[in-house]
Amino acid sequence: MIDDILKYAIRLLSKKDYFESELKGKLVKKFENSDEVEVVIKKLKDLRYIDDNRVLEQFIKSQLRKGYGQYLIKKKLMEKGVDISISEIGAYLLEEEELKRKIAEKLHKYHNDYEKTVAYFYRKGYPYNLIKRLISEVIEDEGYIS
């Protein structure tokens with residue numbers, strides 16, 4: 001049975017990286033024997049087929065490329081069974097100048113609509129206070145809204 005679990009786990013990992021908690025959930029759901037699943041998980045970790053730190057870094061970077069902020073990323077990670085603090089995610093965040101540039105682009109795209117711009121970045125998971133402050137700086141620097 002352990003060989004079957006291991007083969008299935010390797011097949012899953014050949015398609016994409018999983019967090020340990022995600023893979024464990026899939027294996028327990030399919031094979032229902034949590035003791036044998038634990039043995040397989042340990043073996044996969046020893047072989048470095050499972051590395052939560054590597055998967056975490058890849059996941060955060062991919063979410064940032066999509067334009068998501070720290071709160072939305074944290075929510076998605078919690079859904080995957082990964083507990084991480086906002087400050088840990090902060091290490092990967094865009095520099096404020098880059099975010100400020102993106103805000104300026106959105107303000108222009110939305111024809112200086114302040115509320116629409118705030119809503120866009122808030123939905124993406126950026127902190128409300130940060131959005132407001134950077135929009136104010138963009139407005140002040142570039143004179144978007146009178």
Side-chain angles (χ1 to χ4, degrees), residues 5-34 36-38 40-146:
I5 298 171
L6 184 60
K7 285 178 187 174
Y8 182 70
I10 290 173
R11 190 169 350 119
L12 289 174
L13 289 168
S14 71
K15 296 176 184 169
K16 79 171 221 168
D17 286 331
Y18 287 90
F19 288 104
E20 179 182 339
S21 58
E22 283 182 297
L23 185 60
K24 191 182 298 183
K26 284 185 173 288
L27 295 176
V28 167
K29 186 176 181 182
K30 181 161 176 86
F31 294 100
E32 298 176 357
N33 188 333
S34 60
E36 290 180 351
V37 167
E38 286 296 330
V40 169
I41 292 291
K42 179 164 179 8
K43 182 172 183 125
L44 291 170
K45 285 173 78 172
D46 291 343
L47 293 170
R48 296 189 181 165
Y49 288 168
I50 300 174
D51 182 353
D52 277 357
N53 291 328
R54 181 187 72 234
V55 177
L56 178 66
E57 184 175 336
Q58 290 172 347
F59 181 81
I60 290 173
K61 286 181 178 178
S62 76
Q63 297 302 299
L64 289 172
R65 278 192 301 277
K66 293 177 184 177
Y68 298 141
Q70 60 202 41
Y71 292 107
L72 189 56
I73 294 171
K74 179 175 174 59
K75 180 179 181 248
K76 288 182 174 204
L77 285 169
M78 288 175 67
E79 289 169 359
K80 292 180 173 289
V82 179
D83 188 29
I84 186 169
S85 71
I86 293 293
S87 60
E88 289 176 281
I89 296 171
Y92 298 95
L93 286 177
L94 293 173
E95 294 293 321
E96 280 193 14
E97 286 302 314
E98 177 67 15
L99 182 56
K100 192 173 166 181
R101 184 187 62 73
K102 288 184 176 215
I103 286 173
E105 289 173 5
K106 283 297 176 191
L107 267 174
H108 178 71
K109 179 180 177 182
Y110 293 145
H111 306 288
N112 301 338
D113 188 328
Y114 178 89
E115 287 81 18
K116 246 184 173 177
T117 305
V118 169
Y120 173 83
F121 285 97
Y122 188 72
R123 279 191 312 273
K124 290 285 189 175
Y126 289 96
Y128 181 73
N129 291 337
L130 176 64
I131 299 166
K132 277 183 56 175
R133 181 173 55 80
L134 292 178
I135 287 177
S136 296
E137 288 177 17
V138 167
I139 290 168
E140 187 177 300
D141 293 349
E142 301 180 22
Y144 272 99
I145 302 172
S146 51

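Residue numbers count from 1 along this sequence.
- Here Tyr126 and Tyr68 keep their ring centres 6.0 angstrom or further from each other.
- Closest non-hydrogen pair, Val138 versus Lys100, comes out as CG2-CG, 3.4 Å.
- Taking the side chain as every heavy atom from C-beta outward, Ile41 and Leu27 approach each other to under 4.5 Å.
- Using a 4.0 Å cut-off between charged side-chain N and carboxylate O, Lys61 and Glu57 make a salt bridge.
- A distance of 9.5 Å separates CG of Leu64 from CD of Gln70, quoted to the nearest 0.5 Å.
- Remark: the backbone N or O of Ile84 is paired with a side-chain donor or acceptor of Lys74 at under 3.5 angstrom.
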Does Asn33 form a side chain to side chain contact (heavy atoms under 4.5 Å, CB included) with Val28? I'd like the steps, not just the answer. CA-CA 6 Å; Asn33 188 333; Val28 167; over 6 Å; no

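- Lys26 has no carboxylate O lying under 4.0 Å from a charged side-chain N of Glu22, or vice versa, which leaves the two without a salt bridge.
- Between the OH atom in Tyr114 and the CD1 atom in Ile131 there is a gap of 9.0 Å [rounded to 0.5 Å].
- The line from CG of Leu72 to CZ of Phe121 is 13.5 Å long, rounded to the nearest 0.5 Å.
- The closest side-chain heavy-atom distance from Phe59 to Lys76 is below 4.5 Å.
- Rounded to the nearest 0.5 angstrom, Leu12 CG and Lys16 NZ are separated by 9.5 Å.
- Here the options are Lys102, His108, Lys109, the test is side-chain contact (heavy atoms from CB on, under 4.5 Å), and the partner is Lys106; only Lys109 passes.
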Salt bridge (Lys or Arg N to Asp or Glu O under 4.0 Å), that's the test. Do Glu38 and Lys42 meet it? Break it down for me. CA-CA 6 Å; Glu38 286 296 330; Lys42 179 164 179 8; over 6 Å; no

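- Surrounding CG of Asp46 are more than 12 heavy atoms belonging to other residues, nucleotides or ligands, all under 6.0 Å away.
- For the pair Lys45 and Asp51, the salt-bridge criterion is not met [side-chain N within less than 4.0 Å of a carboxylate O].
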Before giving the answer on side chain to side chain contact (heavy atoms under 4.5 Å, CB included), spell out for Leu44 and Ile10 the whole-Å C-alpha distance, their side-chain angles and the decisive distance to 0.1 Å. CA-CA 8 Å; Leu44 291 170; Ile10 290 173; 4.1 Å; yes

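- Heavy atoms of other residues, nucleotides or ligands lying less than 6.0 angstrom from OH of Tyr49 number 12 at most.
- In this structure, the separation between CG on Leu13 and CG on Asp17 is 7.0 Å, given to the nearest 0.5 Å.
- More than 12 non-hydrogen atoms from other residues, nucleotides or ligands lie less than 6.0 angstrom from CZ of Phe31.
- The shortest side-chain heavy-atom distance between Ile50 and Tyr18 does not fall under the 4.5 Å cut-off.
- Residue Lys43 qualifies as open at atom NZ: its count of foreign heavy atoms under 6.0 Å is 12 or below.
- Electrostatic pairing of Arg101 and Glu98 counts as a salt bridge here, judged by a charged N lying under 4.0 Å from a carboxylate O.
- Between the side chain of Asp52 and the main chain of Glu20, a donor-acceptor pair closer than 3.5 Å is present.
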Decide side chain to side chain contact (heavy atoms under 4.5 Å, CB included) for Asn112 and Thr117; before the verdict, give the C-alpha distance in whole Å, the side-chain angles of both, and the deciding distance to 0.1 Å. CA-CA 8 Å; Asn112 301 338; Thr117 305; over 6 Å; no

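- To the nearest 0.5 Å, atom CD1 of residue Ile89 and atom CD1 of residue Ile73 are 6.0 Å apart.
- Put simply, the side chain of Lys124 gets close to the backbone of Lys66: a donor and an acceptor are under 3.5 Å apart.
- Leu77 is not listed as a side-chain neighbour of Gln63, based on a closest heavy-atom distance of 4.5 Å or more.
- At distances below 3.5 Å, at least one donor-acceptor pair connects side-chain atoms of Ser21 with backbone N or O atoms of Lys80.
- The cationic atom of Lys75 (NZ for Lys, CZ for Arg) does not lie both less than 6.0 Å from the six-membered ring centre of Tyr71 and within 45° of the ring axis.
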